Amino acid sequence: MTAGVLSVFMEDGHGHAASTDSAPAGVIWDVLVVGAGPAGSSAARVAAEGGASVLLVDRARFPRYKTCGGGLIGLSLAYLPASVLPTVEPQVREVRFSLRGGRPKSFSRSLPFLALMQREKFDDALMKAAVAVGVRFEESVVVKAVQEADGLVTVTTDGASLHARIVIGADGTSGRIGRYVGVQNRGTDLALEVELTRTPESPAYDGAIAFDWGTAPGSYAWVFPKDEVLTVGVIQARGEPQQTHDYLDRWLRTTGLEAHAVERSSGHLTQWRAPDSPLHRGSVLVAGDAAGLLDPWTREGLSYALRSGCWAGEAAADATRGSDRAIAEYSRRILAQLDPDIRAGERLLRFFERYPRLVHLALAYTSTGMRLFLAVCDGTKTLGGILSHRLLGRALRVLGS
Ligand SMILES: Cc1cc2nc3c(=O)[nH]c(=O)nc-3n(C[C@H](O)[C@H](O)[C@H](O)COP(=O)(O)OP(=O)(O)OC[C@H]3O[C@@H](n4cnc5c(N)ncnc54)[C@H](O)[C@@H]3O)c2cc1C
């Protein structure tokens, strides 16, 4: 579908007709979702399942690429519809940890502990799962502005004005809706990634991921092997782009992958919310990266995007059915269930910035560290849960402050 189809919304039967005199002419959707990444497509699907008429728009044409490692922890898997599962490659049985390009220490387990996927396929399948339950999807639609008046939200795109009772902003780190809502982020990182062609001569990464803890405070690097490509990347606090590039070059040499054909090279920001950052403004909610929902230490964001997306969709459907508490309840749910893990990740990041060697030793050389790493990957423990252990939490606070 193209943006041109927007002009026929008034005639088609997907939206509900305007029901108040003050409403502008044209279709009024129950829910309009901006951004068809994991957060947006999940929100749209769940809102439609809850009985709402839903329009989902994205500025990209699908399937679209997103710079991402594509690592899915157990918590993420629990929020996926069955039709998306075939895009998931659940094969990681080994992890290798190194410090500043040094000798890696590896650990393996017969049961896979992490799933990987390629975002083009994964996001496309999530969007199609939304369409399958009645969501209308429009690609190549760039949202420029949003405003709310008289109980109606108007979203201005590059080609039209769209109207909805509830808007969910899931437009990622560079989107417009977060700015409208007033999202405040506490930290921003720059990540650089290359997708390398896999060849029979590729160093053996079958079923094995690798992490390296870098020289710059809080930085790390990874190799995530997919069926078709090797995803290799680095991340560190934004502000030293040359240093970040140099780290990627060094990491490619360290791993012996520097001569591989680069299919794609890209960069993207990650960011995480300040504790008092809003999660909605009036009838406009934010979810996923747009809300700064991401673990500050591992920069794992998919489980946050999927969970917040599903919950935003649920809240939006409830609100259109008349609940006047649903939107405030969404904020409370995020604060109660996701924010504690973000704060724990922040504490771990501060600790890791000061003591990378200690973190490396704990993870790679102690059975407790490895057990906790695997539990987070499996989805049986969260960072918040781990740091709620009184002694551990206190030790981190003292050492990291
Ligand atoms: C290099 C890197 C590696 C990562 N690796 C992992 C990992 O291995 N595991 C993990 O869990 N997390 C990882 N993350 C984080 C993860 O990628 C994000 O948290 C996740 O993509 C968030 O999903 P989302 O749906 O909120 O946003 P996105 O996936 O960014 O989707 C936002 C959508 O909004 C659309 N959009 C933006 N602006 C507009 C507009 N104005 N109008 C219309 N549409 C718009 C975009 O086209 C996009 O499709 C990584 C991040 C980076 C940068």
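All values derive from a computational prediction rather than experimental measurement. Order of listing sets the numbers, starting from 1, for every ligand and every atom in it.
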Please report the C-alpha distance between Asp123 and Lys66 in whole Å, then the side-chain angles of each, then the deciding distance to 0.1 Å, and finally whether the salt bridge (Lys or Arg N to Asp or Glu O under 4.0 Å) criterion is met.
CA-CA 9 Å; Asp123 288 24; Lys66 156 80 174 69; over 6 Å; no
Within the structure provided, determine whether Glu300 and Ser76 are in side-chain contact (heavy-atom separation under 4.5 Å).
yes
Is the shortest side-chain N to carboxylate O distance from Asp339 to Arg343 below 4.0 Å?
yes
If you have a sec, work out which protein heavy atom is nearest atom 1 (C) of ligand 1 and how many Å separate them, to one decimal?
Ala191 CB, 3.3 Å
Can you report which non-hydrogen protein atom sits closest to atom 6 (C) of ligand 1, along with the distance?
Cys68 SG, 3.5 Å
Short side-chain donor-acceptor distance under 3.5 Å, Thr254 and Arg250:
no
Would you check whether Asp289 has a nitrogen or oxygen atom less than 3.5 angstrom from a nitrogen or oxygen atom of ligand 1?
yes
Could you verify whether a donor N or O on one side chain and an acceptor N or O on the other, from Glu148 and Ser283, lie under 3.5 Å apart?
yes
Best match, Arg64, Glu138, Arg119: closest heavy atom to atom 20 (C) of ligand 1:
Arg119
Only pairs under 3.5 Å count here: list side-chain donor-acceptor contacts from residues 313-322, not counting sequence neighbours, and write none if there are none.
residue	atom	partner	partner atom	Å
Glu314	OE2	Arg333	NH1	3.1
Asp318	OD1	Arg321	NH2	2.4
Thr320	OG1	Ala316	O	3.3
Thr320	OG1	Ala317	O	2.9
Arg321	NH1	Gly50	O	2.6

Under 4.0 Å from ligand 1, counting heavy atoms only, is it the side chain of Ser76, its backbone, both or neither?
neither
Ligand-residue contact atoms, ligand 1 with Gly69, heavy atoms, under 4.0 Å:
3 (C), 4 (C), 5 (N), 6 (C), 8 (O)
Which one holds for Thr270 and ligand 1: side chain close, backbone close, both close, or neither close, with close meaning a heavy atom under 4.0 Å?
side chain
Tell me: protein heavy atom nearest atom 28 (P) of ligand 1, and distance?
Lys66 CE, 4.1 Å
Just heavy atoms, cut-off under 4.0 Å: does Arg299 contact ligand 1 by side chain, backbone, both, or neither?
backbone
Applying a heavy-atom cut-off of 4.0 Å, say which part of Arg59 lies close to ligand 1: side chain, backbone, both or neither.
both
Is the distance between the ring centroids of Trp213 and Tyr220 under 6.0 Å?
yes
Report yes if some N/O of Ser303 lies less than 3.5 Å from some N/O of ligand 1; otherwise report no.
no
Residue-level breakdown please: for Pro38 versus ligand 1, do any non-hydrogen atoms fall below 4.0 Å on the side chain, on the backbone, on both, or on neither?
both
Numbered atoms and elements of ligand 1 in range of His268, under 4.0 angstrom, heavy atoms:
53 (C)
Counting only heavy atoms, which portion of Phe224 has something under 4.0 Å from ligand 1: side chain, backbone, both, or neither?
side chain
Salt bridge (Lys or Arg N to Asp or Glu O under 4.0 Å) for Lys121 and Glu228? Distances and angles first, verdict last.
CA-CA 12 Å; Lys121 295 179 187 172; Glu228 291 157 18; 2.9 Å; yes
Side-chain contact, heavy-atom cut-off 4.5 Å: Val167 with Leu162?
no
Using 30° and 60° as the class limits, which term best fits the ring planes of His360 and Tyr365: parallel, tilted or perpendicular?
perpendicular
Is the backbone of Val84 close enough, under 3.5 Å, to the side chain of Thr87 for a donor and an acceptor to pair up by distance?
yes
Go through it in stages, so that I can follow the logic: the residues are Thr188 and Asn185, the test is side chain to side chain donor-acceptor pair (under 3.5 Å), and I'd like the CA-CA distance, side-chain angles, deciding distance and then a yes or no.
CA-CA 7 Å; Thr188 304; Asn185 287 303; 5.6 Å; no
Sub-4.0 Å atoms of ligand 1 with respect to non-hydrogen atoms of Ala170
32 (C), 33 (C), 34 (O)
From Asp58, Val234, Val141 - option closest to atom 46 (C) of ligand 1 by heavy atom
Asp58
Side chain or backbone, does Gly301 bring an N or O within less than 3.5 Å of an N or O on ligand 1?
yes
Look at atom 37 (C) of ligand 1 and find which of Leu294, Ile235, Asp171 reaches it with the closest heavy atom.
Asp171
By number and element, which atoms of ligand 1 are closer than 4.0 Å to a non-hydrogen atom of Thr67?
1 (C), 2 (C), 52 (C), 53 (C)
Ligand-residue contact atoms, ligand 1 with Gly172, heavy atoms, under 4.0 Å
27 (O), 30 (O), 32 (C)
Please identify which atoms of ligand 1 are closer than 4.0 Å to at least one heavy atom of Gly288.
26 (O)
For atom 25 (O) of ligand 1, closest protein heavy-atom neighbour:
Ala39 N, 2.9 Å
Side chain, backbone, both or neither: Thr157 near ligand 1, heavy atoms under 4.0 Å
neither
Salt-bridged, Asp206 to Arg198, with N to O below 4.0 Å?
yes
Aromatic centroids of Phe107 and Phe373 separated by under 6.0 Å:
no
Report, in ascending order of atom number, the atoms of ligand 1 lying under 4.0 Å from any heavy atom of Gly70.
7 (C), 8 (O)
Looking only at protein heavy atoms, identify the closest one to atom 40 (C) of ligand 1 and say how far it is in Å.
Val143 N, 3.8 Å
Identify, by atom number and element, the atoms of ligand 1 in contact range of Gly35, meaning under 4.0 Å from any of its heavy atoms.
33 (C), 34 (O), 35 (C)
At their closest point, which heavy atom of Leu111 faces which heavy atom of Arg93, and how far apart are they?
C-CG, 4.4 Å
On the ring face of Phe352, is Arg354 found with NZ or CZ under 6.0 Å from the centre and within 45° of the axis?
no
For atom 7 (C) of ligand 1, what is the nearest protein heavy atom, given as residue, atom name and distance?
Gly71 N, 3.5 Å
Atom 11 (O) of ligand 1: closest protein heavy atom, distance to 0.1 Å, is Leu302 N, 2.9 Å
